[in-house]
Amino acid sequence: MSTGSIPKPVAGVSGFVDDRLGAASFLKRNMRKLFPDHWTFLLGEIPLYSFVVLLLTGVFLTFFFRPTMGEIVYDGSYGPLRGIMMSEAYASTLNISFDVRGGLLMRQMHHWAALLFVAGMMAHMLRIFFMGAYRKPRELNWVIGVLLLMLALAEGLTGYSLADDLLSGVGLRITAGTMISFPVIGTWLTFFLFGGQYPGEDIISRFYSIHILLLPGVLLALITAHLMLTWVLKHTQLPGKGRTNDNVVGGPTYPSFMAKSGAFFMFTFGVIALLGTFAQINPIWLYGPYTPANISAGSQPDFYLAFLDGALRLMPSWEINFLGFTLPMSVLIPALVPAGIIMTGLALYPFIESWVTGDRREHNVVDRPRNNPHRTSIGLAAITFYGILWLIASNDEIAAFFHLSLNMLTYTGRVMIFLGPALAYYITYRICLGLQRRDAAQIGHGVETGVIKRRPLGDYIEVHVPPNEGIEALIRGKRPIPTISTAVEDEEGIPAAKKHRRLARLRARMSRVYGGEKVPLDGARGHDGQRPDGQGAEGRAAIGSGTGSGTGSGTEESGRPNR
């Protein structure tokens, strides 16, 4: 092995490792792996680096935290609570905050990192959804991402409850009430988790084991699988010049991505450290120890669980009495339906979309959100649904601050939970079509320059210039959404069963609505019968004569399978 200009100690170590593990070719190959150069692809780094900070600060906190509900008299350095009976869990948390050097900083960094972990995961998932990066061959990685989000919510709930302060105790009381409302298994599940009748004696120790052992282990395994699949399947990339389903345009792992990623980790760590230093969060000494007889006014959960609290506040007091059993629908529906709609919809969406469109191609180039208006509209409708529930979780604070009627806010929320997503869907769909028309106009007429020119006949026109190559390649990266036709016979020409024919017709109808070309770049009429620039059929020749040559290639390529 030739060492060249490599320092002898480095060459010796690398040679020793390569002779025994054969790692040189592996490292050489993977150090040249390309990563797309676009800021949205760094959104996934935020939860990853936040998770690293969570692990580091969490290890520090476990050295001093005592996960037991045994009652003691507090005699620590925080004067206002000295002499008060409290659990050892709460007392040890106070000790970390006031008596352990750097303890309060670690606590606050841990809490801020948890919030950033979930927020970053949500932002990353929205990027994947709106750009269609979940499609074949990445469906499994998408499902793993949904599982990671669900586990992150559970991890946040268990960690939030460990301090055993009054605010977290209120959340535990809601958790116990929700669990005990489950038919048949509710009572047994609650007794098992709490170690008896609420509040029990074991909930803190059991949540502690779940929080530091079970959930982090599963999270680590799923994150590893997620990263490995991302590495093997390669990254998706935005449409643009020279970008196809068969290549990756970007910078290599070393030195480009490693330098960028390392700097981004330090930036993330620095933001979390600054937040932990200057932005107070979860001051448990102001809340006091939890006792079941007390409740704090204006209590608010962390943002990622607020939608469940909002659903509880929004739901009418319905219950069903049958054969001596009571089903509290006012608890069951808020606990199961909103989370079920969001999580189940996210997990199944790639497979539902593939079934509706019949698209079995590989997609390594993502869509611009405007180019799949129904998907984008569905996503915004789901965000609106989540946002209304999140807002209603603070209806008491909103009513008090703005001097509004609490009942009026609740009734308004019950209407908007249905009306809001529908309005968001319609408005988003129209905006997407408008953006597609603007793209088609740029291809057909060019980009407005703001320069007004007078023609020989005396009329005035604005001078247009062709878009630059990057913008034109981005626009021409649009591909029609596949559709299927009604199939009432199988491959051998045998008529399908009646129920299968009905399903085939329903699928074809859904495919025509969801897929197809809404606003073609070549100026043909779209799904809504309108021209890209709002004109009728008489303007077809004018727009078609814009640049012309690129449109035909886009149409031909849309019919080829993307490998």
Side-chain angles (χ1 to χ4, degrees), residues 58 61-62 64-75 81 83-96 150-151 153-218 282 284-285 287-296 299 301-302 305 308-309 311-312 315 317 319-336 339:
L61 295 175
T62 57
F64 306 98
F65 182 71
R66 303 192 63 182
T68 174
M69 298 179 70
E71 294 288 327
I72 62 171
V73 177
Y74 179 70
D75 60 352
L81 292 178
I84 301 296
M85 291 289 295
M86 60 182 64
S87 67
E88 289 189 65
Y90 184 70
S92 65
T93 309
L94 290 176
N95 180 62
I96 292 172
M150 296 171 62
L151 289 173
L153 299 182
E155 180 79 337
L157 173 65
T158 54
Y160 178 78
S161 305
L162 291 180
D164 200 31
D165 60 291
L166 184 57
L167 183 60
S168 67
V170 174
L172 270 181
R173 189 71 185 95
I174 296 174
T175 303
T178 302
M179 291 174 57
I180 206 171
S181 67
F182 295 160
V184 183
I185 64 171
T187 303
W188 297 99
L189 190 61
T190 306
F191 271 60
F192 170 77
L193 189 60
F194 285 85
Q197 190 172 359
Y198 181 84
E201 299 178 353
D202 299 325
I203 184 64
I204 297 298
S205 59
R206 290 177 179 174
F207 266 20
Y208 182 72
S209 300
I210 294 172
H211 183 71
I212 72 165
L213 292 176
L214 179 61
L215 292 179
V218 179
N282 198 26
I284 60 166
W285 53 89
Y287 307 143
Y290 176 66
T291 56
N294 295 335
I295 186 171
S296 59
S299 59
D302 281 336
L305 291 175
L308 294 175
D309 193 9
L312 282 170
M315 185 67 189
S317 55
E319 64 181 32
I320 297 175
N321 296 298
F322 180 71
L323 298 178
F325 295 94
T326 300
L327 291 178
M329 307 306 292
S330 58
V331 178
L332 281 176
I333 291 179
L336 300 178

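Counting begins at 1 with the first residue of the sequence.
In this structure, the side chains of Glu155 and His211 come closer than 4.5 Å at one or more pairs of heavy atoms. Between Ser87 and Ile204, every side-chain heavy-atom pair lies at or beyond the 4.5 Å cut-off. Between Thr175 and Met179, the closest side-chain pair of non-hydrogen atoms falls below 4.5 Å. You'll find the side chain of Leu81 reaches within 4.5 Å of the side chain of Leu94, heavy atoms only. The shortest side-chain heavy-atom distance between Pro183 and Leu332 falls under the 4.5 Å cut-off.
Distance CG/Asn282 to OG/Ser168: 7.5 Å, rounded to 0.5 Å. Ile72 contributes atom CD1, which lies 8.5 Å from atom CE of Met85 (distance to the nearest 0.5 angstrom). Here the straight-line distance linking atom CD1 of Ile185 with atom CH2 of Trp188 works out to 12.5 Å at 0.5 Å rounding. Phe191 CZ to Leu189 CG: the interatomic distance, rounded to the nearest 0.5 Å, is 11.5 Å. We find the CG-CG distance between Leu157 and Leu162 to be 9.5 Å, quoted to the nearest 0.5 Å. For the atom pair CG (Asp302) and CG (Asp309), the distance works out to 11.5 Å, reported to the nearest 0.5 Å.
The neighbour count for Met150 CE, taken as heavy atoms of other residues, nucleotides or ligands under 6.0 Å away, does not exceed 12. By the 6.0 Å contact criterion, CD on Glu201 is open, its count of non-hydrogen atoms from other residues, nucleotides or ligands being 12 or less. Within a 6.0 Å radius of CG in Asn321, other residues, nucleotides and ligands contribute more than 12 heavy atoms.
Across Ala335 and Leu308, no two heavy atoms sit closer than the pair O-CD2, 4.3 Å. The shortest non-hydrogen separation linking Pro328 to Glu319 is CA-CB, 4.1 Å. Minimum interatomic distance between Val331 and Ser181 (heavy atoms only, all atoms of both residues): CG1-OG, 3.4 Å. Ser205 and Pro67 make their closest contact through CB-O, 3.4 Å (heavy atoms, listed as atom of the first residue, atom of the second, distance). Taking both residues in full, the closest heavy atoms of Thr158 and Ile210 are given as CG2-CG2, 4.1 Å, listed atom of the first, atom of the second, then distance. Contact between Met69 and Gly200 at its shortest, heavy atoms only, is CE-O, 3.7 Å.
Exactly one residue among Asp202, Leu172, Asp164 makes a side chain to side chain contact (heavy atoms under 4.5 Å, CB included) with Phe207. That residue is Leu172.
Phe65 and Tyr208 have tilted rings, their planes meeting at an angle from 30° to 60° on a 0 to 90° scale.
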Quiz item: Could you walk me through whether Tyr290 and Leu166 pass the side chain to side chain contact (heavy atoms under 4.5 Å, CB included) check?
Solution: CA-CA 4 Å; Tyr290 176 66; Leu166 184 57; 3.8 Å; yes

Quiz item: Between Tyr198 and Ile203, is a side chain to side chain contact (heavy atoms under 4.5 Å, CB included) present by the stated rule, with each step listed?
Solution: CA-CA 9 Å; Tyr198 181 84; Ile203 184 64; over 6 Å; no

